Amino acid sequence: EPGAAVPAGQKGSWTSFLKAIASFSGDLSSLTAPPFILSPVSLTEFPAYWCERPELFAAISSGKNEEERALLVLKWFISTLKGQYSSRNEKMGSEKKPLNPVLGEVFFGTWPDRDGRGETRLIVEQVSHHPPVTAYHIQNASKGVTLQGHSAQKTSFSGGSIVVKQIGHAILDVKLESGVSEKYLITLPTLNIQGVWLGSPYTELGGSSVIQSSSGWNASIEYKGKGYFSGKVHSFKATLSHPHSHHHPHVVEGQWSTTSTPKTNISSSRVLERNGCFTDVNGPKEEVTVKSIEEQGPWESRNLWKVVSAGIRTGDFDTAAKDKSRIENEQRQRRKDEREAGTSWDLLYFDHVDEDPIYEKLAAMGQIVPATEDGYILKDAPLPHPPR
Ligand code: CLR
């Protein structure tokens, strides 16, 4: 029955929301959704999903050779997917519509040093408002592991589900003891948001993504839901190969939401879990540590959205809506002032490049399309935020 999971008073607005999505493709962020589907969390927080198993991120540089590091990168990547794509269902009962970040919104966090894994730091900046683009930089300096990327989405509606094509990419940089940097280009899977008709959306992954290393190792990951090669939700099959290797490629299969196992011989104990799994995300993950709201500046996400978030959390949607309008009006006024003054907004932490040279080189190695893409690179020193 349509809208079975939608609260009684919101069925009408859910139907209008679905109609708006169906007749529309591109940027979902501007559509008004009914209160039951609103998340109190801004999209600027999402890059933290990349590092909720900080020990796996740190372990990448401990790989003894190119092949082992490529396996460790694949293992870390697969182990992030549960957080990235099914944690809202676990925490809030369904996929929800995140807060649409404002231009210049930032989110900072750390995963503290523990058991010798070193500290990891996260810097996120909203670098575009329409369409929304989020840039991030995650670094474990003591282990020489850095992930830098940006994230945007193109949304359409197909066969009753919302299809979200991800725009952007991430580059992982692994600094070796020799001083040489190994690089990995990471492309992103397509989301299929199902269950929307009932009002209980959840994300399934589809299509494929790749991890292309400068060492030549190439991981190709295929994603399938229920009814495909394993018949189970959240399934994947990854193939890791090297063009000059005479060995058979490594193949890993399983579910990114639970466990996966190697289908070929992987003997390295650094790569496998104690139970022999390639990935096992049944155990707890570690959320990013963030300063308290009182200690945050006015552009920091949780401080900026605190009234809206509290309203959504407590069911006070009038207060939430009012403060959301205040924030949006302030944004509009800033853009108008800039137009009149003939100035433009400066990015604070990142520089935009039209053609990311590292992307181009790795994309050529792995025959990845498009051949070129833009990128965001962390500045040596950030600009100060204007007052708010
Ligand atoms: C952002 C980048 C992260 C992975 C990720 C996970 C969930 C995605 C999110 C990205 C972008 C926004 C998103 C969300 C799921 C739902 C939400 C597509 C790709 C849309 C805008 C909300 C749709 C509204 C329905 C749920 C009603 O690394």
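Being a predicted model, the structure only gives us computed values, none of them experimental. In listed order, ligands and their atoms are each counted from 1.
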Is it true that the side chains of S42 and E105 contain a donor and an acceptor less than 3.5 Å apart? yes

Nearest non-hydrogen protein atom, [atom]:
atom	answer
atom 15 (C) of ligand 1	E95 CD, 3.5 Å
atom 19 (C) of ligand 1	Q166 OE1, 3.4 Å
atom 17 (C) of ligand 1	P98 CD, 3.9 Å
atom 1 (C) of ligand 1	Q153 NE2, 3.7 Å
atom 23 (C) of ligand 1	L28 CD1, 3.6 Å
atom 26 (C) of ligand 1	P201 CG, 3.9 Å
atom 25 (C) of ligand 1	I162 CD1, 4.1 Å
atom 2 (C) of ligand 1	S151 OG, 3.4 Å

A33 touching ligand 1 at heavy-atom level, < 4.0 angstrom: no

Tell me whether ligand 1 is touched by Y136 - counting only heavy atoms on the residue side and a distance under 4.0 Å. no

Thinking salt bridges, do [X] and [Y] make one under a 4.0 Å N-O criterion?
X	Y	answer
K91	E287	yes
E204	K224	no
E222	K237	no
E119	R121	yes
K82	E52	no
E338	R334	no

Only one of T44, V106, V102, V124 clears side chain to side chain contact (heavy atoms under 4.5 Å, CB included) with S301; which? T44

Which of these, S209, S260, S208, sits in a side chain to side chain contact (heavy atoms under 4.5 Å, CB included) with F236? S260

So which bit of [X] gets within less than 4.0 Å of ligand 1, heavy atoms only: side chain, backbone, both or neither?
X	answer
F36	neither
Y49	neither
I193	side chain

Residue [X] vicinity, atoms of ligand 1 by number, heavy atom under 4.0 Å:
X	value
F17	27 (C)
L191	7 (C), 8 (C)
R88	6 (C), 7 (C)

Compute the shortest N/O to N/O distance between Q84 and ligand 1 and return yes if it is under 3.5 Å, no if not. yes

Nearest heavy-atom neighbours spanning I193 and S161: O-CB, 3.0 Å

Measure from the side-chain N and O atoms of E300 to the backbone N and O of G297, and report whether any donor-acceptor pair falls under 3.5 Å. yes

Establish whether atom 6 (C) of ligand 1 and some protein heavy atom are separated by less than 4.0 angstrom. yes

